[in-house]
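As the structure lists them, so they are numbered: ligands from 1, and atoms in each ligand from 1.
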Amino acid sequence: MKENVDIIVKGEYILTMTDAEEPVTNGAVAIKDSRIVEVGREDAIVNKYEGQRVLGGKGYAVIPGFVNTHTHAAMVYFRGLADDLPLKDWLEGHIWPAEQKYLGNEFVYDATELACFEMIRAGITLFNDMYFFEDASAKAIKKAGMRAVLGTGILDFPTVAASTTSEYFEKAEDFIKRYSEDELIVPAIAPHAPYTCSPETYKRAMELAEKYNVTVHTHLSETQWEVEEITKRYGNTPVKHLDSHGLLDSRVLAAHCVWPTEEEIDILAQRGVSISHCLESNLKLSSGIAPVTKMLQKAVRVTFGTDGAASNNDLDIMSEMSTAAKLHKAVSGDPTVLSAREALLMATKWGAQALGLGDKVGSIEAGKLADLVLINLKNPHLTPLYDIYSHIVYSAKSSDVETVIVNGKVVLNGGDAVNLDMEEIFYKANQWSLKIRKR
Ligand SMILES: [Zn+2]
């Protein structure tokens with residue numbers, strides 16, 4: 001008697017991203033409820049299990065879902081609104097005024113649906129979000145069937161989201177309490193940056209993170225302006241500044257880290273801080289190029305983030321991974337750095353670890369939650385095939401993603417986001433864009 005499972009996913013190559021470097025060839029994954037039951041050779045799996053649904057087969061690669069470790073999902077509605085500007089002018093002259101005018105539950109819900117659609121299509125199953133009105137985000141994400149870590153943004157000045165630092169904290173704590181047991185949403189706390197949050201605010205965020213056992217999501221050392229400003233205000237460069245107040249530990253995920261000094265890279269390594277490398281955003285805003293090779297050499301966990309779509313301008317981890325793997329070879333003058341397998345680890349398993357979810361997702365192994373992606377290899381740009389890691393990192397595109405499974409459920413089926421009304425998403429985005437354009 002065969003054991004019944006919900007889904008059997010077959011792949012010519014299964015990249016488990018466990019310690020086993022060799023892909024499972026002609027393999028299969030058995031999935032029941034939300035979890036992976038077994039991974040192995042296809043013949044062994046189909047002899048043992050009866051799948052209600054069978055997906056993939058020859059010509060497919062199966063990989064863990066991509067993890068986007070830094071984004072502001074709802075900012076998709078500001079995509080292309082103000083390009084070709086430095087970060088400070090872009091934020092203060094365009095993004096913050098537009099947010100002040102339009103942000104609210106309806107905006108965030110509608111925009112996050114679009115962001116989820118875009119990310120699912122790109123094979124992203126888990127993302128780390130920092131924004132406001134996170135209840136609305138959570139609602140859209142759960143509808144899409146995605147997984148996300150949501151950190152309510154904290155600032156020391158008023159916005160439409162809150163008028164005092166304390167009000168931001170009240171909202172953040174309330175959100176954490178309400179989502180602590182959710183299947184798909186993991187709450188976090190997100191002090192925005194050292195130039196918008198005092199050390200006292202960071203301290204309060206760290207205390208809250210400790211109390212509820214959640215991660216801390218922040219921007220850090222993004223631009224030279226930030227380095228100068230923090231040095232002027234506090235007498236230390238940004239990483240040293242936070243560290244001097246005891247505000248860095250393994251709960252912290254720091255986005256960007258473009259300008260850490262050698263000494264600061266050592267601090268990040270010692271404290272176990274994870275980095276979200278947002279290369280395309282840093283390139284587009286001319287913020288600089290993060291010393292990723294040095295950070296990796298010193299065993300800092302580096303992962304990939306898209307940042308918001310207003311500074312990228314898309315939510316695509318495959319393109320981040322591919323660009324980063326090539327760019328850091330050029331920057332370091334060493335083509336052996338950031339190998340294809342290492343880049344894929346950064347985009348999957350290490351991303352999950354950085355968000356405190358390494359024991360639940362990020363690799364394909366029995367017992368883990370079933371978040372995985374099928375890539376169609378029957379494409380001219382993926383032919384012939386000598387090395388599957390090389391293909392996924394250097395040749396494949398997000399348009400090759402065919403099926404996406406999150407928490408054991410199919411959420412993308414041949415390009416269709418099964419839980420979302422795609423026509424309605426396009427309609428709403430167009431309606432909002434007419435308003436935003438008029439501002
Ligand atoms: Zn950001």
*Between Phe304 and Trp350, is the ring centre distance below 6.0 Å?*
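Phe304 vs Trp350: aromatic centres not under 6.0 Å.
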
*asked:* Is Cys278 close enough to the Zn ion (ligand 1) that one of its N, O or S atoms comes in under 2.8 Å?
replied: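 No.
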
_When you measure from the Zn ion (ligand 1) to the N, O or S atoms of His256, does any of those distances fall below 2.8 Å?_
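No, outside the cut-off.
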
*If you look only at pairs with a residue in residues 238-289, which of them pass as a ring-ring contact (aromatic ring centres under 6.0 Å, His included), with sequence neighbours excluded?*
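Sorted pair list: His70-His256, His219-His256, Tyr234-His241, His241-His245, His277-His328.
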
*Check: Leu412 and Glu402 side chains under 4.5 Å, non-hydrogen atoms*: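 In short, these two side chains do not touch, never coming nearer than 4.5 Å.
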
*asked:* Can you check the angle at the Zn ion (ligand 1) formed by NE2 of His70 and NE2 of His72? Round it to the nearest 10°.
replied: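 Vertex at the Zn ion (ligand 1): approximately 100°.
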
*Vertex the Zn ion (ligand 1), rays to NE2 in His219 and OD1 in Asp307 - rounded to 10°*: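 So the angle at the metal works out to 170°.
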
_Quick one about Glu263 and Thr261 (side-chain donor to acceptor, distance below 3.5 Å, no hydrogens or angles considered), yes or no?_
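No - no donor-acceptor pair under 3.5 Å links their side chains.
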
